[in-house]
Amino acid sequence: GSCDGRKTRSQRNRIAQLRFFLLDHRKDYANRFGHRENSVLGTSMTDAERDQIDKEAQEYISTCSTLIQCLKPGGRDDVVSEQQQEHKQGVVRILNQYLKDVCSIYSRQRAVRVKRIIDKRRFTRLEADPLPATKESSIPPQTKEYDTDLTADEREAVSNREIGRA
């Protein structure tokens, strides 16, 4: 296949569109709140919207990669001079690097999202672990009302502090 300027620009533009989309939606995509209801401004995405972005970004990256490979010189119909062949190889290298850079943006955003999901699950599990009955009874009544806002470690620290005063 020939590596004319239109195909090259088309691929560059496709990659640029993905880059701008990812950067424009970075804050909403990585927002630590999982649902719109938790966002004060209502601009956060739902998990379903994030999943859709993941799916489409991966498909887009795959398509771009395939189309860039089609730009490589060397097909049966591709009779070019050595200079043209080197030029085409350079263009393909540049487009591959640009796509790799955009993939890196996506990968970092995805890693932040996955880390936040894991942290949220870990925190939820910690909140679900009840305190042993012996420690619970040592917490004064005025402290118990704040238990729901504390992690298990914080509740244990409060309990230990109260035991030390007694």
Side-chain angles (χ1 to χ4, degrees), residues 1-130 148-157:
S2 69
C3 183
D4 63 40
R6 285 185 307 258
K7 288 182 181 179
T8 302
R9 279 190 298 278
S10 173
Q11 281 312 108
R12 185 199 63 217
N13 290 340
R14 288 175 62 86
I15 297 167
Q17 286 173 345
L18 177 59
R19 179 180 180 275
F20 292 130
F21 178 84
L22 291 172
L23 293 176
D24 284 348
H25 294 87
R26 176 184 289 183
K27 285 183 182 178
D28 287 340
Y29 179 87
N31 189 339
R32 73 183 53 208
F33 303 114
H35 306 286
R36 281 196 174 102
E37 301 84 55
N38 292 336
S39 176
V40 175
L41 300 175
T43 58
S44 183
M45 296 179 176
T46 65
D47 286 335
E49 289 169 326
R50 288 183 185 94
D51 292 341
Q52 186 65 32
I53 287 175
D54 289 342
K55 179 179 180 254
E56 290 178 13
Q58 290 166 4
E59 289 171 0
Y60 207 81
I61 289 167
S62 177
T63 300
C64 285
S65 181
T66 300
L67 292 173
I68 289 171
Q69 298 314 308
C70 291
L71 294 173
K72 282 186 174 181
R76 275 188 273 172
D77 304 342
D78 201 14
V79 180
V80 295
S81 70
E82 186 177 329
Q83 185 178 13
Q84 288 172 319
Q85 187 170 349
E86 288 174 6
H87 172 73
K88 287 181 179 188
Q89 289 170 344
V91 168
V92 168
R93 271 194 310 273
I94 290 169
L95 287 173
N96 274 325
Q97 184 60 51
Y98 189 30
L99 181 59
K100 184 179 175 182
D101 293 345
V102 172
C103 286
S104 179
I105 291 169
Y106 169 69
S107 295
R108 285 191 307 269
Q109 286 181 206
R110 177 88 173 115
V112 167
R113 178 182 179 209
V114 169
K115 182 184 181 319
R116 287 189 174 157
I117 289 170
I118 290 169
D119 289 348
K120 183 178 176 182
R121 287 181 183 157
R122 190 175 295 145
F123 182 72
T124 302
R125 262 187 274 146
L126 286 175
E127 282 185 331
D129 290 341
T148 57
D149 296 335
L150 302 176
T151 65
D153 291 338
E154 291 169 331
R155 286 191 300 261
E156 186 173 338

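Side chains included, hydrogens not; waters and symmetry mates left out as well; all remaining heavy atoms used.
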Take R108 and S104 through the test side chain to side chain donor-acceptor pair (under 3.5 Å) and record every step on the way to the result. CA-CA 6 Å; R108 285 191 307 269; S104 179; 2.7 Å; yes
Measure from the side-chain N and O atoms of [X] to the backbone N and O of [Y], and report whether any donor-acceptor pair falls under 3.5 Å.
X: S107; Y: C103; value: yes
X: R50; Y: M45; value: yes
X: T66; Y: S62; value: yes
X: H87; Y: Q83; value: no

With a sphere of 6.0 Å drawn around CD of E59, does it hold more than 12 non-hydrogen atoms of other residues, nucleotides or ligands?
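For E59, atom CD is crowded (more than 12 foreign heavy atoms under 6.0 Å).
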Quick one: pull up [atom1] in [X] and [atom2] in [Y] and give me the separation to the nearest 0.5 Å.
X: Y106; Y: L23; atom1: OH; atom2: CG; value: 14.0 Å
X: I53; Y: R110; atom1: CD1; atom2: CZ; value: 11.0 Å
X: D24; Y: Y29; atom1: CG; atom2: OH; value: 15.5 Å
X: K100; Y: S65; atom1: NZ; atom2: OG; value: 12.5 Å
X: D119; Y: T124; atom1: CG; atom2: OG1; value: 10.5 Å
X: I15; Y: C64; atom1: CD1; atom2: SG; value: 5.0 Å

Q) Would E49 and Q52 satisfy side-chain contact (heavy atoms from CB on, under 4.5 Å), going step by step from the backbone distance to the final call? A) CA-CA 5 Å; E49 289 169 326; Q52 186 65 32; 5.5 Å; no
Point to revise | Residues D54 and R113 bridged, charged N to O under 4.0 Å | key: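 Between R113 and D54 there is a salt bridge, with a charged N closer than 4.0 Å to a carboxylate O.
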Looking at every non-hydrogen atom in both residues, tell me the closest pair between Y60 and R14 and how far apart they are.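 So the two residues come closest at CE2-O, 3.0 Å.
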Problem - Heavy-atom closest pair, residues L22 and Q109 - result: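 That would be O-OE1, 3.2 Å.
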* With a 3.5 Å cut-off and no angle check, do the side chains of D101 and Q97 form a donor-acceptor pair? ->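 Distance-only check passes for D101 and Q97.
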(request) Run the numbers on K88 and L71 for side-chain contact (heavy atoms from CB on, under 4.5 Å), then give the verdict. (result) CA-CA 7 Å; K88 287 181 179 188; L71 294 173; over 6 Å; no
Exercise for review: May I ask you to test the K72-Q69 pair for a side-chain heavy-atom distance under 4.5 Å?
Suggested key: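 Contact flag for K72/Q69 side chains = yes.
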Residue pair I105, R26: steps toward the side-chain contact (heavy atoms from CB on, under 4.5 Å) verdict | CA-CA 9 Å; I105 291 169; R26 176 184 289 183; 4.0 Å; yes
